[in-house]
Amino acid sequence: MEKKWKCTVCGYIHEGKTPPEFCPVCGAFKYQFILYEPLPPSLEKHLREAFAGESKAYVRNLAFAAQADREGFPQVARLFRAVAEAERVHAQEYLKYLEGVVEDTETNLKKAFENEMRAKNEYYPDFIKEALALKREDVYWSFNRARDVEERHALLYKQALTAMVSDKEITYHVCQVCGYVFDGEPPDRCPVCGAERKRFKKVG
Ligand SMILES: [Fe+2]
Ligand SMILES: [Fe+2]
Ligand SMILES: [Zn+2]
Ligand SMILES: [Zn+2]
């Protein structure tokens with residue numbers, strides 16, 4: 001029976017028993033095609049779980065790599081970084097099936113803005129209250145810094161929405177303590193956590 005296959009890179013629809021070896025429009029490899037039909041709900045749930053699990057494994061492996069470096073095992077650190085990269089590939093693989101997660105850039109900017117605002121206004125306030133009630137000021141500070149920084153992320157997304165087609169090239173610096181994002185040259189200290197300039201990482 002003929003089936004419909006969709007190229008997840010360019011949207012081209014192919015009809016046949018199997019996907020083509022390469023997309024005739026964009027050259028994508030056959031495994032970038034998915035069946036052009038709705039996913040059974042239980043499969044979609046497990047794809048979402050697998051996506052979350054692989055995403056966590058990526059960050060965890062980078063932490064393992066940093067620890068290996070600290071202990072003086074640079075080769076083990078390289079292995080952890082390589083496998084972290086592989087877990088990122090897996091996470092991206094599952095994302096391919098999750099309809100509506102990645103959309104066009106304007107929509108993605110709007111969704112990214114809303115996610116930041118939701119984190120700031122809905123999730124973090126309760127976490128912050130709980131940490132305070134349980135007298136864990138360290139956790140309270142972590143949540144607090146993150147909440148303050150989410151609003152900054154939201155603002156940057158909002159600005160980007162109004163300047164999507166801009167030839168101005170901005171380099172970003174990210175505070176490695178709190179996640180504050182600077183557009184352009186960073187100041188001597190992070191405005192949210194007070195970290196020194198050497199703790200900013202240049203991105204992009
Ligand atoms: Fe994996
Ligand atoms: Fe954020
Ligand atoms: Zn294609
Ligand atoms: Zn900071």
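These figures come from a predicted structure and were not determined experimentally. All values below were derived from every heavy atom in this structure, side-chain atoms included, with hydrogens, water molecules and symmetry-related copies excluded. Counting starts at 1 for both ligands and their atoms, in listed order.
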Under the criterion side chain to side chain contact (heavy atoms under 4.5 Å, CB included), which of E37, E15, H14 is the partner of K4?
E15

Between the side chains of [X] and [Y], does any donor sit under 3.5 Å from an acceptor?
{"X": "R118", "Y": "Y123", "answer": "no"}
{"X": "E93", "Y": "H90", "answer": "no"}
{"X": "T107", "Y": "D104", "answer": "yes"}

Could you please compute the angle at the Zn ion (ligand 4) from SG of C190 to SG of C178, rounded to 10°?
100°

Given SG of C26 on one side and SG of C7 on the other, what angle do they make at the Zn ion (ligand 3), to 10°?
110°

Only to 10 degrees, please: what angle do the SG atom of C23 and the SG atom of C10 make about the Zn ion (ligand 3)?
110°

Angle, ND1 of H153 through the Fe ion (ligand 2) to OE1 of E116 - 10° precision:
100°

Looking at the Fe ion (ligand 2), which N/O/S atom of E150 is the nearest one?
OE1

According to the interplanar angle, ranging from 0 to 90°, do the rings of F127 and F143 count as parallel (below 30°), tilted (30 to 60°) or perpendicular (above 60°)?
tilted

